[in-house]
Amino acid sequence: MLQNWLILSPEILIVLFWITSAIVNKYRDRKTPKTFFTLSRWFLLAIIAATLVFYNKSAFPQILNNTSFSTLFKLIAYLLLLAWNYLSSKWFLNKNRPSYKFCSLIFVELLGLDILASANSLPALTAAVAIICLANHALIYRHWDIEKVTLAARLYVLYSIFFIGILITASAYLYYQSGSFEYAQIKNYLSQQITWPLSLKLCAVAIIAALMFMMSAAPFHLWFINFIRCGVLPLSGFITLVPWMISLCALINLLRGCLLPMADFINPLLFSFGLCSVILGALGAWAENNLRCLFACINVYCLGFALIGLNNCTNTDIIAVFAYSVTCLLSLAGVYTVFLGFKSHGEYLSNLSELNGFYTLRPYLSAALLIFIFSLIGLAPTLGFFGYLSVLHNLAFSSNWLKLGILLISALIVSGALFRVIKSIYFISNNQKYDRPDKSIYICLFINIMIIVTSLFFPSWLISDALRILGGNS
Amino acid sequence: MVAHLFIGLIIIALAAMLITQGKKRRIWSILLLAALSVITYFFLTNLNTQPATGFIYQWLPYHQLRADFNISSSLHMQSLLQPLIGILALTILLNIINTHENYSLQISILNLLSFVLLILLASSHDFFQLIFASTLLSIISFYIPVSLNARKNFFICFFLAEFALFIALCVAYGSINTISLGDLSNFASLGHHKDFVVILILFSIACKIGLFPLNDQFNSLKDESFNRIIGLYLLAQPLAGLIILTKLNVLLLSVPWTSFVIMLWCLLTVIICLGQILVSNSFNLKLCGLFQALIAECFFITAQNPDMLYSPISYFLLFMLYAALTLYIVYGLSQQSANQTFKFNYFGWLIGCIPPIIGIIAISMLDLSFIRYYCGVFVFLYGICLKMFCSVNLISHQTIESLSYRRYWASAVAIVSIGAVFLYLFYPQLTLSKGQLILFGLLFITIFTPATALQHLGNMQLGQQQISEKFYHRLLLLPLRFFGRLLWLTFDFIFVERGIIATITAYSNRIISLLRLTQCNHWFNWILYFSLGILALILYVKGGKL
Amino acid sequence: MNIPLILLVLTIVVPLIGMLFVLSASEGTKHHYHNCSNVAIVSLIANLGIIWQLFALIKKQSTPVIIEKFQWFQSSDIYLSFIADTNSLLMLTSAHIIILGGIIFSRLENNHTKSLMSFTLLFLSMISGLFISNDIFSFFMFFEGMLLPSLMLIGVNGNFKKSISLNGFFIYNLIGCLILLAAILWLYKINGNMTLDQVHKISARRSWAPFLWGILALSFMFRIPVWPFHYFIASVNTRVHNALVFIVVSILPLSGIYGLYRFWPDYIPLEISQYFVWINVIGALTMLFISLIGFSNPDSQYRLFAFITIYYIMYLLGIFSQNVQIRTNLGFAVFGFLLIVGSLEIIISYIYTQETANTSTSQGFLCRAKRLSNIYSFLTFAAIGFPISAMFTNNFLILSHLISTNIHLGTLLALSLIISALTLISELLRLKTDSKECTLGKSEDLPIIYFAFMLLIVFLLLMSFVQPLWFIGQ
């Protein structure tokens with residue numbers, strides 16, 4: 001019993017954070033925006049430690065199953081959250097806004113993500129998706145200008161209700177057919193089927209569609225772009241960086257643990273989502289003049305790239321997609337760090353034209369952004385090239401030339417879109433004044449670049465060592 | 001021994017280059033001449049005592065492309081070098097004594113380098129050395145004239161000549177797979193595109209020696225000083241052209257029509273140049289006409305028998321220098337007399353005698369049995385030229401009375417010359433081929449052609465300068481520029497920039513604006529994407545059927 | 001200690017270290033800029049020393065090649081493999097020397113900014129990697145890696161006004177890179193990671209071979225301004241107003257030539273080689289086209305670009321000819337070619353700077369500036385193909401081969417060479433034609449130190465004709 005409580009310590013720590021922060025919020029007089037971020041940082045460290053200690057222990061394996069595989073994905077997400085929390089505190093300090101609710105909601109979403117990564121049954125999956133949607137909805141309201149976000153928030157609720165609804169329905173139907181919510185049981189049931197009736201197909205599609213919505217794959221990606229357009233910068237960074245790895249982990253778990261017998265039916269579906277995301281993401285990036293929205297589109301594109309890369313969801317596919325996702329997230333984390341430096345007269349800039357000639361005044365930030373952008377494009381010899389190469393090389397090896405061709409063409413389009421950013425920052429002159437960025441931004445960028453450079457010269461840690469875990473467990 | 005001479009001269013030239021900074025360093029020119037004298041003295045004294053040796057530096061080691069830097073001593077080379085050394089020494093002397101020459105040392109260095117390159121050219125055994133020496137001579141020729149127009153004409157003309165030679169040798173190499181000049185005889189049996197090669201080589205040589213109408217570069221020397229003209233004619237490209245002719249004669253013989261074309265071309269050049277001498281008022285142009293006519297004749301003779309270059313023709317060049325020098329002196333005096341109302345008639349007569357005397361002495365120095373009837377041709381031509389000079393130029397400043405007198409004695413000199421020619425022509429045991437007979441016949445007619453007829457030809461030659469200028473601008477530059485501009489307009493600007501790029505930009509802008517519209521935060525967009533997504537999913541589930 | 005490997009890696013790393021030093025320098029004053037260029041010069045000279053050592057090693061080994069391998073990915077067969085042979089080292093040497101010239105002259109023109117130096121060093125590192133790479137992945141990495149610094153150099157330091165052309169340039173080059181990536185992945189699928197020497201020997205008789213070789217050739221031709229795509233390169237090259245940047249951009253097509261040189265097989269069967277006639281036709285037409293445009297264009301920069309393009313296409317045709325002698329001589333020819341065009345560009349840029357600084361016409365400048373006149377004349381003579389540099393031999397071989405194969409094409413090629421040469425000659429004559437409007441005089445002549453550098457180039461060119469490997473005593 002005690003062991004189960006101990007295994008559940010990450011989740012318990014999340015709950016403890018709520019309690020502690022509520023107490024601090026209520027009783028501490030000299031609280032600043034930084035207070036809750038400091039608190040959350042310590043709790044996060046504790047959560048990371050607990051996750052590491054109980055990396056393959058599960059309290060209720062039928063519902064939540066921790067494996068080294070899921071732990072790896074969780075750790076990456078937590079570390080990104082830790083870094084982003086640290087940077088977000090600078091935003092709150094600069095704006096001098098209360099951070100209690102934001103931090104608490106982040107931890108709500110963290111709970112959802114924690115459950116999602118370990119989910120081994122359909123109710124757990126549904127609950128996680130619901131918590132995440134709820135947290136996202138609440139987070140968007142953290143904007144000081146409520147009117148600006150109301151439409152997006154309301155429509156998001158409608159979307160969420162629909163997708164959670166179909167997820168519940170599909171879960172219920174599968175339970176009705178197989179007699180269990182557990183992935184393994186459903187997988188058994190599905191493997192006994194010779195043909196797929198329409199109802200089963202609908203169920204599979206419903207589950208995948210709900211996950212795709214949560215992951216912001218096109219054509220259900222509009223919430224993501226508009227959240228980033230309307231939301232505050234800390235929210236944008238958070239929804240870009242943190243949920244990715246865990247959603248991917250949940251998708252892989254679901255596909256491998258539950259829907260594997262239906263792979264022939266589901267793989268083209270995933271490919272279609274991937275294709276849609278790649279096209280709409282790449283072209284959408286061209287259409288945006290708002291830098292954050294542009295990168296939101298890039299995020300959708302990268303997700304599509306990963307979905308296409310998942311291919312048949314074999315071990316090598318997963319390894320390739322993992323490598324790609326890590327490189328992408330590192331680059332995106334870098335980009336969002338630089339966003340915090342785009343500041344003029346205390347206001348954070350997001351319009352492309354406002355950043356004309358940024359390079360002349362802030363060369364280091366611009367250079368860092370350049371590295372991250374080229375890494376996102378996948379140009380050699382940046383780290384992004386390895387992630388990019390791992391997916392393409394995998395597709396070539398399995399003779400998926402069509403997919404490879406699509407990815408190459410989309411990479412070309414997205415490169416053009418990102419080139420606009422480079423052009424604006426480097427090649428167009430402007431006399432705008434920019435605020436001096438916080439030292440913490442430089443520190444984070446330095447660490448990020450060090451990771452990138454180290455990975456560049458010793459990519460084995462990324463491709464080989466970490467993925468031995470994936471290969472051994474998946 | 002030739003190698004020593006070659007290296008010694010290069011060292012002198014390089015040393016002189018280092019000190020050639022300012023103008024009018026005449027003393028350095030004298031020292032240069034002294035150094036040259038010392039070197040040539042040793043060369044000439046050891047000429048027959050040392051065996052024929054050579055200096056060979058292996059340059060490209062490949063089997064098919066074996067190129068050596070070869071300076072070898074041979075009988076031919078020695079017989080070529082002796083008169084050339086004389087020409088070089090005289091030319092440098094001219095540079096020194098010419099008071100109007102501000103860059104005597106520089107010009108002397110260039111003459112020296114030209115001489116060195118002629119040695120290199122004459123001793124070439126492969127294509128690369130041949131092209132190398134010939135090209136460097138072209139570069140040097142570019143620096144000798146003062147006027148930019150002359151330089152421009154020289155450079156463009158010689159560049160085209162070098163390029164033609166280069167392409168011809170490329171084609172030859174493509175056929176026989178070797179760059180050795182010794183293996184060129186295979187070209188007649190193995191070669192492809194023989195006509196093309198011969199045309200290119202003829203073009204190249206014609207540019208170098210100045211056959212009509214490719215002699216515009218020499219005519220543009222009308223404002224140059226005498227010493228520079230001499231340097232350009234006697235120590236640079238014309239001689240290089242003749243040497244190349246001897247080296248590549250085998251290629252020229254690979255087609256049957258070469259000798260006929262050469263004969264006709266030379267004849268045309270001679271006639272036109274005679275006209276130029278008659279019509280022109282400029283001494284330099286007359287001199288150029290004279291040189292061109294004589295060199296065209298040398299070309300004809302060398303084409304008949306390449307060995308002729310190494311003894312009679314090279315000596316004849318020396319003779320030409322003497323003749324030119326005397327003409328120059330006569331001209332200078334006549335100018336002076338015109339200004340000072342000097343009694344020119346008698347003095348001019350005296351001076352006028354000098355050139356034919358020197359000419360005859362020079363010819364008598366030669367081995368008559370060897371040069372045979374060609375010698376007659378030289379005298380013949382010389383007589384004609386002298387006639388032209390005396391009748392038109394020397395008396396141009398004088399009164400009409402003296403004009404008739406001048407004409408009279410000039411005709412006498414000409415008749416003496418012609419007599420000498422006939423003497424040679426009817427020399428016992430001399431037989432002439434049909435072609436040579438025709439040539440002599442034509443020349444004979446020319447000399448008795450009325451001056452007015454020749455004037456037309458001369459006008460044509462002088463007009464050629466404007467024509468070639470017009471040709472260069474209107475028929476070469478203008479169409480090339482026009483085509484270039486047209487191509488840029490049609491392809492780069494209309495097709496690519498305004499066609500492809502503008503279309504892509506327009507369509508992509510439309511797509512982008514559509515996406516911008518559908519991506520903004522509006523309820524319609526949310527519903528649109530949602531409905532499209534759901535529709536696609538349903539379609540997928542139903543296998544493409546609704 | 002593996003000295004060859006260390007030396008090979010150092011050729012890539014030394015410029016990178018130099019770049020880091022440059023980046024760490026302060027910015028703002030002339031003194032700082034001098035420091036930056038000093039660092040760049042030292043890095044270049046150090047690298048030239050390393051290259052010299054490599055030449056010496058080749059001589060010592062009495063074989064023309066050094067091959068070393070660096071295991072990069074521990075678990076994969078993707079590794080870094082390096083090779084050094086006479087041709088690649090010659091090309092590398094010329095690139096170094098001419099970039100060194102560009103840097104030295106940028107001091108004279110006071111435009112040696114930090115970004116210029118750092119991106120130049122990055123470019124140098126990439127091109128060093130390209131010339132010594134021995135396997136397909138290393139090759140691709142450096143091939144693509146050249147794009148970033150060259151693009152940034154054009155955009156930031158090229159004084160470039162028309163940014164739409166820059167878009168086209170970037171996308172066009174990227175298309176070439178992506179096509180090459182597809183080809184490389186294909187090769188990888190066939191045989192795993194292979195050395196370029198192995199690619200060279202792949203049988204062209206297989207059914208897929210024409211397609212593969214077609215793609216490879218196409219990808220490399222994207223770097224070379226072949227009709228009708230020359231526009232994208234021409235529109236950028238001709239508008240760059242910085243000698244160093246122009247040199248870098250001019251070296252870029254060399255990567256395509258070098259790629260073909262390394263990849264193109266020894267023997268191509270008749271079924272494929274019959275299509276070469278089309279490549280020859282396109283090449284010869286492009287040459288004629290560009291030479292005519294260059295001739296009609298009054299801009300000296302465009303004229304030089306036309307000249308460079310013509311020669312690159314000629315080298316391209318030379319490689320397609322599969323003549324062993326042409327291949328053997330290519331390194332020597334490129335050595336001379338790069339030195340000539342680089343030096344010409346430096347001098348043209350110098351004249352342009354003097355022209356704009358003194359608001360005078362440059363016509364007649366060479367009449368008064370003796371040093372400049374001598375150098376410019378020599379370079380023009382060398383450029384038009386006179387036998388005073390190593391370019392001559394290769395011109396001779398390529399022309400003789402093409403004429404013996406097809407007299408019409410050969411004549412076209414010769415014609416375009418003549419037109420391009422006339423273009424350069426007319427530019428020389430223009431500068432030598434005295435004009436009263438020209439206020440430039442002896443005081444604007446080349447300073448003695450810079451003249452000495454140019455004399456060094458002249459010496460190297462002459463030696464390249466007589467004995468290219470004089471510096472190692474062969």
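Fair warning: this is a prediction, and the values are worked out from it, not measured in the lab. These numbers come from the heavy atoms of this one structure, side chains and all, not from hydrogens, waters or symmetry mates.
- When ring centroids are compared, Phe386(C) and Phe166(B) stay outside the 6.0 Å threshold.
- Contact detail for Ala421(C) and Phe159(B): the closest heavy-atom pair is CB-CZ, 3.2 Å.
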Test side chain to side chain contact (heavy atoms under 4.5 Å, CB included) applied to Thr135(B) and Phe381(C), step by step: CA-CA 10 Å; Thr135(B) 310; Phe381(C) 297 150; over 6 Å; no
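- Looking at Ser291(C), neither its backbone nor its side chain comes within 4.5 Å of chain B, counting heavy atoms on both sides.
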Derivation of the ring-ring contact (aromatic ring centres under 6.0 Å, His included) call for Phe392(C) and Phe132(B): CA-CA 10 Å; Phe392(C) 168 78; Phe132(B) 177 68; 8.7 Å; no
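- Interatomic distance, Ile504(B) CD1 to Asn167(C) CG, rounded to the nearest 0.5 Å: 12.0 Å.
- Atom CD1 of Ile418(C) and atom CD1 of Ile156(B) lie 12.5 Å apart (nearest 0.5 Å).
- Note: Phe142(B) CZ to Ser377(C) OG = 6.0 Å, rounded to the nearest 0.5 Å.
- Counting heavy atoms from C-beta outward, Leu136(B) and Ile388(C) have side chains that approach closer than 4.5 Å.
- A distance of 9.0 Å separates OG1 of Thr393(C) from CD1 of Ile179(B), quoted to the nearest 0.5 Å.
- Rounded to the nearest 0.5 Å, atoms CG (Leu429(C)) and CZ (Arg151(B)) are 9.5 Å apart.
- Listed options Ser404(C), Pro387(C), Gly410(C) were ranked by heavy-atom pairs under 4.5 angstrom with chain B; first place goes to Pro387(C).
- Residues His193(B) and Ile403(C) come closest through the heavy atom pair NE2-O, 4.0 Å.
- Within the model, atoms OH of Tyr173(B) and CG of Leu399(C) stand 12.5 Å from one another, a figure rounded to the nearest 0.5 Å.
- When each of Leu288(C), Asn297(C), Leu397(C) is scored by its heavy-atom pairs under 4.5 Å with chain B, the top score falls to Leu397(C).
- Residues Ile384(C) and Phe155(B) meet the side-chain proximity criterion, which asks for heavy atoms closer than 4.5 Å.
- Interface residue Tyr302(C): only side-chain heavy atoms are found under 4.5 Å from chain B.
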